Amino acid sequence: MPEDDWQKIQDLFLAAADLPPDEQRRYLDSACAGDASLRGEVESLLASDQTAETGIATAVQSAAQSLIESDRAPGADPLLGARLGPWRVMREIGRGGMGAVYLAVRDDEHFEQKAAIKLIKLGLDTNELLARFRRERQILATLDHPNIARLIDGGSTPDGRPYLVMEYVEGQTIAAWRGQRNPSVEDCCRLFLQICDAASHAHAKLVVHSDLKPANILITAGGAPKLLDFGVAKLLSRDPATKLTLTAAAARPLTPEYASPEQVLGRPVTTATDVYALGAVLYELLTGSRAHRIASASAAEVERAICETPVPRLSEAVDPALAGAARLRRRLAGDLENIVRMAMRQEPERRYASVERLAADVRRYLEGRPVMARRDSFGYRAGKFLRRHRWGLLAAGLSVASLVTGTVLAISEARRADAARRVAEAQRTVAEAARGAAEREHLAAERERGAAETEAHRARDEQQRAEQRLDELVGLANHSLFDIHSEIERLPGATDARRKIVGTTLEYLEKLEKDAANDERLRFAVGAGYLKLAQVQGDPFGPSLRDFPGALQSYRKADGLITPLYRAHQDDPRVLDAWIDIQIGAGRTMTMSGKQEDAVRVLKETLSATRSLARLRPDDPSALGREGQLDSAMARALVDRDAHAGLAWARKYLALETPLAKRFPRNENIAQELSDAHSDVATYLTYMGELKEAVTEFELALPIRERLAAANPNDVNRRRTLMLAYAHIAGLQGDPVRGNLGEFEEARKNYSRAVEIAEQMAAADPKNRTARYDLAAALLRAGAVDVPPSGRAQSLEQLRRSASIAEALLQSSPDDTHLKRDWEMAQEYIGNRLRQAGRLPEAAAAYRRSFESAAGAMAADAADRIAASQATASGCALAVALAEMGDRVAALAQARENIDRARANSTVATYRDLRLYCLAKTLAGLGKVYRVLAQSADSAAQSQADWREALAAAESAQAQMAAVPGAAQNGNYVQAAQEIQSLIAEARQHVR
Amino acid sequence: MADARTITLLLRDVADGDKSALDRVMPLVYGELRRIADGQLRRERPGHTLQPTALVHEAYVRLMHGQQPDYNNRSHFLAIASQVMRKILIDHARTRNASKRGGGRAGLSLDEARDACVERPEIMIALDDALNELERLDPRKARLIEMRYFGGLTAEESAQTLSLEVAEVRRELRVAQAWLQRELDRGAASGTER
């Protein structure tokens with residue numbers, strides 16, 4: 001309302017308010033002058049004027065009355081009004097199986113903050129409740145999701161009762177929301193998806209709610225659902241203190257209508273329990289009525305209703321009195337009905353495998369795509385009937401129950417169920433033989449069948465439960481290992497945590513291993529666990545801890561478990577595949593550990609298995625690709641000792657992938673393998689000095705990788721391999737620290753493309769350290785390529801950016817030696833560019849930064865060959881720059897220090913050729929310093945003396961160079977030897 | 001518990017427009033009001049009528065520990081307390097209302113069964129909604145309603161805190177009351193079945 005109007009209304013109202021009715025009318029007639037809406041406003045205010053005072057006072061009074069009435073509980077709760085930590089308890093807002101929930105406000109500066117305090121009521125604080133409560137506190141602290149009521153705080157009351165302070169949620173129940181909003185089917189589905197999102201967040205944190213129900217979901221004014229009350233949430237593990245146990249929480253308080261069959265029957269609670277409950281929530285969201293209606297709370301009635309009564313069809317639950325009931329019924333029948341039914345299946349393993357799957361199906365429904373949920377198939381129902389029938393016959397002759405229970409008591413749960421199954425199978429044989437007898441006893445059988453079915457059901461459930469437990473155990477291992485590992489692998493400083501995860505998993509697998517002796521299924525699962533563990537420990541290509549000895553040990557364990565299975569079931573592709581995976585992984589790891597001969601042996605023995613697998617699964621691209629992976633591993637194992645053999649295997653790998661890629665043109669994994677094969681061949685060609693061919697081969701990988709990266713714009717790894725391909729090509733063309741083709745122009749172009757991709761990756765995810773790492777490396781290589789004078793400024797800029805990115809990264813991981821060496825190299829080349837521009841003091845400063853860092857690293861770890869080589873390069877450059885600046889004393893001191901350091905390092909056993917080469921370089925460096933000094937000497941005598949020194953140093957460098965093993969084959973060494981040779985020649989000309 | 005002097009100083013700062021002083025004094029008032037309300041329910045017999053305004057006044061006396069009342073201070077205190085009181089009542093009404101709706105066999109506690117016959121939280125909620133509406137239209141009027149009905153301030157005291165003429169306060173209040181009542185009547189007429 002415009003302010004003027006409001007003012008006018010008020011004025012008229014006040015002027016008219018105390019007039020007698022007649023006068024009032026006359027006054028308004030003239031004052032409003034035909035403005036009907038103004039008059040209406042004023043008159044409506046006048047009409048309320050008389051009752052206003054008492055009306056408002058009554059409303060306030062009634063609210064105040066309610067406040068004290070509601071609080072007047074018999075034997076008033078002493079907690080009301082009390083302070084718990086910074087919280088003041090205001091009033092009780094609810095009561096659950098666990099205890100009372102109170103509204104609390106912060107009793108300090110943060111006046112506005114409200115919270116729900118949940119604590120155990122007096123008289124209920126048994127130890128079990130307390131323990132469970134403490135557990136809940138830990139669980140909730142790990143959950144952080146906008147649709148889950150947050151845990152704020154926890155503590156215990158002065159009399160020792162623990163309490164939780166949780167986010168106070170102001171919102172409506174689902175029923176109220178439905179009543180008020182009259183939501184469409186789509187609205188309900190969308191709300192439901194948010195609920196699923198919260199539940200699956202909890203599942204990812206290994207937390208099962210296990211008491212999901214509409215009463216535990218509130219919808220805020222903004223329309224967002226909030227999941228409350230993780231009251232019986234059960235920690236699947238994560239916490240070492242719980243020792244990975246998966247027992248059913250005993251005596252759980254739960255709401256019968258929303259309980260899953262496994263809960264009613266006291267069986268283990270899993271994520272499938274929440275899937276069931278979510279199905280019930282969806283049912284209620286869509287129809288407004290409960291999926292199960294329970295007449296009485298007796299245990300038998302609850303069990304009957306939950307476990308035996310099928311969930312009524314969604315469409316049948318629609319209130320026929322509702323407007324549009326027929327239309328709604330049609331919408332609910334079909335897909336949504338199938339989704340709810342699939343979520344609420346009796347058997348946990350036949351429900352959606354996860355909340356995500358359930359959510360995905362609802363999403364498919366919303367998008368009008370076909371859903372995965374289907375009605376029970378005829379085959380399934382028939383199978384179920386036959387199974388029942390068979391057990392009925394069996395029961396006629398024998399008492400299964402006593403046999404089963406008698407046999408199984410002493411053995412572990414997984415094996416127990418298996419034993420139960422085997423006993424049952426044995427009994428079945430007997431029973432079928434005794435069928436004739438059984439049929440004669442048909443009537444007795446009929447009588448006993450009821451009881452027998454229950455027993456049979458129980459035995460089968462035992463089996464299912466054990467299998468599920470096994471799946472969970474294995475799933476947990478995989479989850480804790482791989483999800484958590486991949487979450488943290490790129491975080492700086494996460495190595496300790498990663499090691500801890502590996503340690504925990506190892507411990508856990510060792511425990512399971514003891515049980516695995518007699519159970520093939522468990523054996524396979526544990527073996528697969530070791531395989532994955534080994535990959536995390538030492539996959540040389542993926543992100544791993546690079547703990548090769550640890551990985552080898554795990555591969556051995558996996559091998560020990562799976563090989564007997566492989567021998568017994570050579571025709572089982574799953575076993576075969578796992579066995580091959582182990583062998584290839586072990587072979588690769590052996591290569592990385594310097595045990596190439598072992599690797600070659602293991603890999604050779606695997607070749608026939610890869611071919612069997614290909615025969616067993618002639619249409620499975622992944623099975624067909626195994627041999628290629630083996631070839632690739634073989635190439636790597638051989639290449640260091642026999643480059644030709646390595647190259648031959650790489651070519652075989654390529655020859656295998658090429659037709660596969662043609663046959664499965666849309667299979668991206670195969671395309672990736674094909675590009676890797678090209679890249680492998682190129683790499684080995686590089687080793688053999690065939691740089692030109694190597695570039696050609698790398699260039700064949702490029703379009704494949706371009707295509708893969710374009711098809712998967714969000715897949716960082718695909719972009720990264722593309723970037724690496726460009727960088728490899730550029731390196732061959734003009735990497736200054738390696739032998740190269742001298743195609744600097746091309747090199748700069750390809751490095752620029754690599755930089756461009758790295759820039760995109762770093763911009764897309766500023767938190768991705770690898771991307772920034774790559775960008776720093778790409779900028780460094782691009783900037784280090786030889787440039788004509790016109791390109792120096794750009795090159796300097798690239799180098800400086802590289803250095804500053806590296807510095808920022810080093811802040812959080814100061815021990816990253818690779819990064820440090822890159823930074824040192826950037827400083828060295830910054831020095832080179834500055835020196836080329838005649839800025840000697842700045843150049844010297846950059847060389848010094850590089851030298852001091854590298855020399856420090858050498859002092860800390862003499863074996864660090866890159867540091868040694870960097871210290872040599874920077875130290876020599878620094879000495880020459882000092883000489884050029886005319887600082888004779890400092891230059892000579894630096895050059896001698898370089899020699900001493902290199903000499904000391906030359907005794908280190910590893911990479912001797914490089915270390916001897918470094919010594920030769922430092923001797924040559926002294927010669928170069930003397931050359932500069934001789935050229936700028938004040939007197940002819942001094943110059944003469946300096947040339948003599950230069951010659952002597954160069955000659956000893958030459959002698960040293962001759963002692964470097966394999967110097968003739970290495971481009972770098974050859975180049976250095978030539979430089980020394982020309983220095984000698986130059987000095988000889990001057991020396992008289 | 002904060003001493004009377006602290007509160008006096010805080011109230012002065014509030015009068016000078018210091019928002020942080022308000023933030024500090026509010027919880028003190030809240031705590032005191034709650035303590036008195038809780039004390040009431042232990043002390044009094046059933047059927048006792050609680051006057052929120054009386055509660056606010058008692059809070060003032062207690063917080064000041066019987067010190068010489070400063071007229072200025074007292075008005076400011078009551079003005080603040082009226083806001084707090086409204087908050088207490090509306091929070092209560094909203095949660096009561098929510099739990100009433102939550103319904104169903106499993107959720108219905110003894111408390112709710114008993115409360116269902118005595119309380120009508122929807123009235124307070126409607127009032128609060130209307131007050132929020134009024135606040136948007138004319139914030140000063142909303143403040144005056146709070147002072148009058150939740151804090152029991154006289155027209156003189158309200159005039160004091162808002163630096164208005166007493167007659168002006170009366171006129172404002174009269175319009176505000178009529179407007180609010182009309183909104184409440186309209187709400188009831190449109191049949192919002194809460």
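Reminder, nothing fancy here: chain letters follow the sequence lines and each chain counts from 1. Computed from a predicted structure; not experimentally measured.
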Counting heavy-atom pairs under 4.5 angstrom with chain B, the leader among A:I174, A:L218, A:D18, A:L46 is A:D18
Of all the heavy-atom pairs spanning B:W179 and A:L45, show the shortest one and how long it is.
CA-CD2, 3.2 Å
Might you point out which heavy atoms bring A:V60 and B:F150 nearest each other, and give the distance in Å?
CG2-CZ, 3.7 Å
Heavy-atom check, side chain of A:Q10 versus side chain of B:R174, under 4.5 Å
no
Partners of A:E53 by salt bridge (charged side-chain N to carboxylate O under 4.0 Å, His left out), sequence neighbours excluded?
B:R148
If every non-hydrogen atom of B:A178 is compared with every non-hydrogen atom of A:F13, which pair is closest and at what distance?
CB-CZ, 3.5 Å
Carboxylate-amine/guanidinium proximity below 4.0 Å for B:R182 and A:E43:
no
Side chains of B:Q177 and A:S48: does their closest heavy-atom pair fall under 4.5 Å?
no
Charged N-O contact under 4.0 Å between B:R171 and A:D11
no
Could you measure the distance from the CG atom of B:D138 to the CH2 atom of A:W6? Nearest 0.5 Å is fine.
6.0 Å
B:L127 side, atom CG; A:I56 side, atom CD1 - distance, nearest 0.5 Å
6.5 Å
Taking only residues two or more places apart in sequence or in another chain, which ones pass salt bridge (charged side-chain N to carboxylate O under 4.0 Å, His left out) with A:R181?
none
Whatever's closer than 4.5 Å to a heavy atom in chain B on A:A47 counts as neither
